[in-house]
Novice: 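Sending over a structure as structure tokens; questions will come in a sec.
Predicted model only: the values in this text are computed from it and were never measured. We number each residue from 1, following the sequence as shown.
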Amino acid sequence: MFFGYLSGLLSSLVVDLYYIGDVVVSNAYSGQGIATKLLEYCVEKSKEKRAGVVFIERHEENLASAGMMRKAGFKVVETFYDPEKRSAGSRKTSILEY
């Protein structure tokens with residue numbers, strides 16, 4: 001059964017910096033807190049590995065993920081025009097830091 005997936009789970013770029021690639025949940029299971037649990041899992045694992053900083057990105061206009069990431073403790077550090085990755089809306093990507 002498919003619920004969702006993580007991409008780039010806590011990929012260590014340097015000793016204390018980690019990047020969460022994607023937190024995605026199937027539409028059939030959205031609204032059930034699964035993405036929140038996946039994100040919390042990533043944050044827990046980064047703490048266990050003594051990460052100094054964890055980054056994640058989202059589409060600037062994705063309000064559902066914005067709220068989830070804010071509740072988890074992430075803060076926006078940069079928003080930029082990203083037409084190669086974002087084909088609709090503002091076409092901007094926000095980078096968040098924990």
Novice: Answer whether the closest heavy-atom distance between the side chains of L96 and R58 falls below 4.5 Å.
Specialist: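 L96 vs R58: side chains touch.
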
Novice: Output the distance between atom OG (S65) and atom CG (D22), rounded to the nearest 0.5 Å.
Specialist: 10.5 Å

Novice: Does K37 reach the side chain of V25, with side-chain heavy atoms less than 4.5 Å apart?
Specialist: no

Novice: Is it true that E60 and S90 share a donor-acceptor pair across their side chains at a distance under 3.5 Å?
Specialist: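 Yes.
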
Novice: With sequence neighbours left out, what residues match E84 under salt bridge (charged side-chain N to carboxylate O under 4.0 Å, His left out)?
Specialist: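 For E84, no residue satisfies salt bridge (charged side-chain N to carboxylate O under 4.0 Å, His left out) once neighbours in sequence are set aside.
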
Novice: State, to 0.1 Å, how close Y18 and A51 come at their nearest heavy-atom pair, and which atoms those are.
Specialist: CD1-CB, 3.3 Å

Novice: Quick one: closest heavy-atom pair of A35 and V23, and the distance?
Specialist: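 Smallest heavy-atom distance, with atoms named: O-CG1, 3.6 Å.
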
Novice: Going through the distances and angles, do K47 and E44 end up as a side chain to side chain contact (heavy atoms under 4.5 Å, CB included)?
Specialist: CA-CA 5 Å; K47 287 179 181 178; E44 279 180 37; 5.8 Å; no

Novice: In Å and rounded to the nearest 0.5 Å, what is the OG to CD1 distance from S46 to I20?
Specialist: 6.5 Å

Novice: Side-chain contact, heavy-atom cut-off 4.5 Å: E97 with F74?
Specialist: no

Novice: Within the 4.5 Å heavy-atom criterion, are Y81 and R91 side-chain neighbours or not?
Specialist: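 Result yes, sub-4.5 Å side-chain heavy-atom pair found.
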
Novice: Kindly indicate whether the side chain of V76, heavy atoms from C-beta on, has any atom under 4.5 Å from the side chain of I95.
Specialist: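 Answer no - side chains too far apart.
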
Novice: Is a side-chain donor or acceptor of H59 paired with a backbone partner of K85 at a separation under 3.5 angstrom?
Specialist: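 Not a single qualifying donor-acceptor pair exists.
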
Novice: Looking at residues at least two apart in the chain, or sitting in another chain, which of them share a side-chain hydrogen bond (donor to acceptor under 3.5 Å, both in side chains) with T93?
Specialist: D82, R86

Novice: CG/L39 to CD1/I56 distance, rounded to the nearest 0.5 angstrom?
Specialist: 5.0 Å

Novice: Under a single-linkage definition using a 4.5 Å side-chain heavy-atom cutoff for Ile, Leu, Val, Met, Phe, Trp and Tyr, are M69 and L63 assigned to the same hydrophobic cluster?
Specialist: no

Novice: Are Y19 and F55 close enough that their ring centres sit under 6.0 Å apart?
Specialist: no

